[in-house]
Amino acid sequence: MINKKWDIILEQEMKQDYFKTLGTFVKNEYKTKIVFPEYQDIFNALRYTDYDEVKVVILGQDPYHGDREAHGLSFSVREGIPMPPSLKNILEELQNDLGITRTQSDLTDWAKQGVLLLNSIMTVVRNSPLSHKEKGWETFTDNIIKKLNEREKPVVFILWGSYARSKKALITNPQHKIIESVHPSPLSAYRGFFGSKPFSKTNQFLEQHNMKGINW
C-alpha cells in the first residue's frame with residue numbers, strides 16, 4: 001500500500017478488522033464530503049520516511065482542515081499556501097534556536113532526512129477539526145509508534161502539546177529520546193514552546209549516537 005518497508009512492518013496491522021472498517025469509512029467520507037489531505041497523500045509521512053530511515057518523529061494530532069493546506073505531513077503546508085500560525089511559531093523557534101531563517105512551509109525536505117511527520121489522525125473533513133477522531137486512526141498510528149519503540153536504533157520523539165505528550169506511555173525503550181513542550185499554537189507558544197530548543201537538542205542527540213543531524 002505504501003511501497004516501502006512500512007508495508008512489511010504494518011502488514012498484520014492492515015489485516016485487522018478495525019483497519020478494514022477504517023478504510024471503508026475513509027473511502028466513503030472522500031466520496032461524500034471534502035476531506036483533507038488529498039486521498040493519494042494520506043500516507044505521505046510513511047512514504048517519505050521509511051521505517052529504517054526514521055531518526056525523529058514530530059507528532060501532530062490531525063491534519064490542517066483548510067483548503068489545500070494538508071498534504072500528509074504534520075505541521076507542513078505546500079509552498080504558496082498561507083503559513084498556519086503553529087508552523088510560523090515552529091519556524092520562529094528554529095530561528096531562535098539555531099539561527100536558521102527558514103521561509104519554506106513545505107517540510108518535505110525534513111521528511112526525506114528521516115523526520116517522520118506523523119499525524120495521529122490522518123484525515124479530516126474540511127473546516128471540521130477532529131472530525132475523524134476515534135474512527136481507528138489513533139489505533140493505527142499508536143501502533144506505528146510502538147513499532148518504532150521496538151527499534152534498536154535510537155529515535156527522537158518530539159511531543160508538542162498535551163495530546164502528543166499523552167503518547168509518552170508508548171515510548172518505553174530507554175535508548176530513545178523524548179523532547180517535549182507545550183504546543184506551538186499561538187494559545188500556548190509563549191508558555192514554554194519558545195525557548196525549548198527542540199532542534200538543537202535533536203541534533204545533539206543524533207550526533208552523540210553517530211547519526212547525522214537534520215539540516216533544518
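Quick caveat, the model's predicted, so the values are computed rather than measured.
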Peer 1: Counting only N and O atoms by type, is there a donor-acceptor contact under 3.5 Å from the side chain of Asp41 to the main-chain atoms of Gly72?
Peer 2: no

Peer 1: Looking only at non-hydrogen atoms, find the nearest pair between Pro63 and Ala70 and report the distance.
Peer 2: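 What the structure gives for the nearest pair is CB-CB, 3.7 Å.
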
Peer 1: If you draw a 6.0 Å radius around NZ in Lys55, do more than 12 non-hydrogen atoms from other residues or ligands fall strictly inside?
Peer 2: yes

Peer 1: For residues Val155 and Leu148, report the shortest heavy-atom separation together with the two atoms involved.
Peer 2: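 Residues Val155 and Leu148, closest heavy atoms: CG2-O, 4.5 Å.
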
Peer 1: Applying side chain to side chain donor-acceptor pair (under 3.5 Å) between Thr123 and each of Trp137, Tyr39, Tyr30, report the one that passes.
Peer 2: Trp137

Peer 1: Side-chain heavy atoms under 4.5 angstrom apart, residues restricted to Ile, Leu, Val, Met, Phe, Trp, Tyr: same cluster for Ile144 and Val56?
Peer 2: no

Peer 1: Could you tell me whether a side-chain N or O of Glu79 sits under 3.5 Å from a main-chain N or O of Asp106, the two making a donor and an acceptor?
Peer 2: yes

Peer 1: For atom NZ of Lys147, decide whether the heavy atoms of other residues, nucleotides or ligands shown that lie under 6.0 angstrom number more than 12.
Peer 2: no

Peer 1: With a 4.5 Å cut-off on side-chain heavy-atom distances among I, L, V, M, F, W and Y, is there a chain of contacts connecting Phe140 to Tyr48?
Peer 2: no

Peer 1: Can a donor-acceptor pair be found, under 3.5 Å and without considering hydrogens, that links the side chain of Asp7 to the backbone of Asn3?
Peer 2: yes

Peer 1: Between Glu180 (side chain only) and Phe157 (backbone N and O only), is there a donor and an acceptor less than 3.5 Å apart?
Peer 2: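 Side chain of Glu180 to backbone of Phe157: no pair is present.
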
Peer 1: So, the side chain of Arg68 versus the backbone of Ile81: is there a donor-acceptor pair under 3.5 Å, distance only?
Peer 2: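 No: the side chain of Arg68 does not pair with the backbone of Ile81.
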
Peer 1: Suppose the criterion is ring pair (Phe, Tyr, Trp, His ring centres under 6.0 Å): which pairs have a residue in residues 50-72, not counting sequence neighbours?
Peer 2: Trp6-Tyr51

Peer 1: So which of Leu98, Ile90, Asp97 actually passes side chain to side chain contact (heavy atoms under 4.5 Å, CB included) with Leu94?
Peer 2: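 Exactly one pass, corresponding to Leu98.
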
Peer 1: What's the separation between atom OG in Ser76 and atom CD in Gln104, rounded to the nearest 0.5 Å?
Peer 2: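 Ser76 OG to Gln104 CD: 9.5 Å, rounded to 0.5 Å.
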
Peer 1: Just verifying a value: how many Å separate Asn96 CG and Lys197 NZ, rounded to the nearest 0.5 Å?
Peer 2: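 Between Asn96 CG and Lys197 NZ, I get 7.5 Å after rounding to 0.5 Å.
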
Peer 1: Determine, using the 4.5 Å side-chain heavy-atom cutoff (strictly less than), whether Phe193 and Leu159 are members of one ILVMFWY cluster.
Peer 2: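 Looking at the clustering, Leu159 is in a separate group from Phe193.
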
Peer 1: Looking only at non-hydrogen atoms, find the nearest pair between Glu138 and Tyr163 and report the distance.
Peer 2: CG-OH, 3.5 Å

Peer 1: Classify the angle between the aromatic ring planes of Trp160 and Phe75 as parallel (below 30°), tilted (30 to 60°) or perpendicular (above 60°).
Peer 2: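 Because their plane-to-plane angle is over 60°, the rings of Trp160 and Phe75 count as perpendicular.
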
Peer 1: Give every residue pair that meets the side chain to side chain donor-acceptor pair (under 3.5 Å) criterion with at least one member in residues 85-95, sequence neighbours excluded.
Peer 2: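 Sorted result for residues 85-95: Gln95-Thr101.
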
Peer 1: Side-chain heavy atoms under 4.5 angstrom apart, residues restricted to Ile, Leu, Val, Met, Phe, Trp, Tyr: same cluster for Leu91 and Ile158?
Peer 2: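 Linked, Leu91 and Ile158 end up in one cluster.
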
Peer 1: Check whether any side-chain N or O of Ser105 sits under 3.5 Å from a backbone N or O of Val77 as a donor-acceptor pair, and report yes or no.
Peer 2: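 Such a contact is found between Ser105 side chain and Val77 backbone.
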
Peer 1: Please give me the minimum heavy-atom distance between Val124 and Leu130, naming the atom from each residue.
Peer 2: CG2-N, 4.1 Å

Peer 1: Give a yes or no answer on whether the side chain of Ser131 reaches the backbone of Ser128 with a donor-acceptor pair at less than 3.5 Å.
Peer 2: yes

Peer 1: Do Thr141 side-chain atoms and Ser120 backbone N/O form a donor-acceptor pair below 3.5 Å?
Peer 2: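 Yes.
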
Peer 1: Under 6.0 Å between ring centres: does that hold for Phe25 and His132?
Peer 2: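 When the ring centroids of Phe25 and His132 are compared, they turn out to be within the sub-6.0 Å range.
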
Peer 1: Give a yes or no on whether a salt bridge exists between Lys146 and Glu150, defined as a side-chain N under 4.0 angstrom from a carboxylate O.
Peer 2: no

Peer 1: Less than 4.5 Å apart, any side-chain heavy atom of Trp110 and any of Ile58?
Peer 2: yes

Peer 1: Do Leu87 and Leu116 share a hydrophobic cluster (ILVMFWY, side-chain heavy atoms under 4.5 Å, transitive)?
Peer 2: no

